[in-house]
Amino acid sequence: MITKLIFVCTDNTCMGPIAETIFKNSNHGLEMEVCSRGLVVLFPEPVNPKAETLLATHGLIISSHTAKQFKAEEVDEDTLILTMNTVQKRRLATDFFINDNVYTLPEFAGAHGDVEDPYGKETKEYEACYTELDGWIQKIIYRLLYNRLPELIVQDVELHNNNILGGEKNDSNRQ
């Protein structure tokens with residue numbers, strides 16, 4: 001059973017805090033500790049101002065966030081770790097020897113690829129990142145709630161409907 005979720009990014013000032021805030025503000029009913037950490041945090045600094053503005057435009061407030069370094073001591077067998085990209089996932093394995101329950105956000109949501117880092121870019125890239133993170137997080141919430149990916153439910157419903165109708169759907173274009 002997952003009791004803790006850690007979003008991991010590079011410096012814990014942008015994507016990790018955005019993901020954490022989106023997750024915490026989703027009305028999902030999951031009871032777990034949620035936080036974000038960075039792999040390279042040299043000193044405690046606040047969230048990136050563009051990330052803070054972005055969240056505010058979506059009605060989300062990130063209050064008194066300070067970047068925190070990832071520590072292996074915070075992880076136990078009930079911790080799920082979601083990174084923004086495969087490089088960060090590999091660093092958890094090589095630098096912290098953590099391989100269990102570690103996924104990229106897209107991977108845990110049933111996809112491939114990395115989340116594009118908007119750091120240092122324009123507002124439109126931050127907005128694109130927010131949209132991408134929000135989409136992944138909604139799928140992650142679904143998976144955590146139902147222990148399934150949303151796409152599998154669609155397939156199950158189609159299979160169920162086919163069985164109710166007595167077999168495959170009639171497709172007049174099929175020969």
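All values derive from a computational prediction rather than experimental measurement.
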Can [Y] be reached from [X] by stepping across I, L, V, M, F, W or Y side chains whose heavy atoms are under 4.5 Å apart?
X	Y	answer
L39	V102	yes
L82	V75	no
I62	I137	yes
Y119	V40	no
M84	V87	no

Sidechain-backbone polar pair: [X] side chain, [Y] backbone, donor-acceptor under 3.5 Å:
X	Y	result
D117	M15	no
Q69	V41	yes
E52	P49	no
H28	L30	yes
H65	N12	yes
K50	G120	no

Is it the case that the side chains of [Y] and [X] hold a donor-acceptor pair, with the cut-off being a distance below 3.5 Å and no angle test?
X	Y	result
N48	Y126	yes
D134	Q138	yes
T3	E33	no
S36	E20	yes

Inset, instruction - Could you point out which residue of W136, F7, Y103 forms a ring pair (Phe, Tyr, Trp, His ring centres under 6.0 Å) with F108? - result: Y103

Could you check whether any side-chain heavy atom of [X] comes within less than 4.5 Å of a side-chain heavy atom of [Y], counting everything from C-beta outward?
X	Y	result
V115	P106	yes
I18	L60	no
T79	I6	yes

Distance, nearest 0.5 Å, that separates [atom1] of [X] from [atom2] of [Y]:
X	Y	atom1	atom2	result
L133	I140	CG	CD1	9.0 Å
Y130	I22	OH	CD1	4.5 Å
D95	R90	CG	CZ	12.5 Å
T83	D114	OG1	CG	7.5 Å
K89	L105	NZ	CG	12.0 Å
R143	I141	CZ	CD1	14.0 Å

Legend entry - Residues, nucleotides or ligands: over 12 heavy atoms within 6.0 Å of F96 CZ: yes

Inset, instruction - Mark yes when over 12 heavy atoms from residues, nucleotides or ligands other than D76 sit less than 6.0 Å from its CG; otherwise mark no. - result: yes

Legend entry - Heavy-atom closest pair, residues A67 and D11: CB-O, 3.5 Å

Inset, instruction - Considering non-hydrogen atoms only, spot the tightest contact between P17 and T21 and give its length. - result: O-OG1, 2.8 Å

Legend entry - side-chain contact (heavy atoms from CB on, under 4.5 Å) assessment of M1 paired with M32: CA-CA 10 Å; M1 170 184 240; M32 63 176 61; over 6 Å; no

Inset, instruction - Report the C-alpha separation of E74 and R37 in whole Å, then their side-chain angles, then the decisive distance to 0.1 Å, and conclude whether the side-chain contact (heavy atoms from CB on, under 4.5 Å) test is met. - result: CA-CA 10 Å; E74 293 185 272; R37 298 291 185 259; 2.8 Å; yes

Legend entry - Pair C9-Q88, side-chain contact (heavy atoms from CB on, under 4.5 Å): steps then yes or no: CA-CA 7 Å; C9 63; Q88 294 160 350; 4.3 Å; yes

Legend entry - Stepwise side-chain contact (heavy atoms from CB on, under 4.5 Å) test for T123 and L54: CA-CA 8 Å; T123 304; L54 172 73; 6.0 Å; no

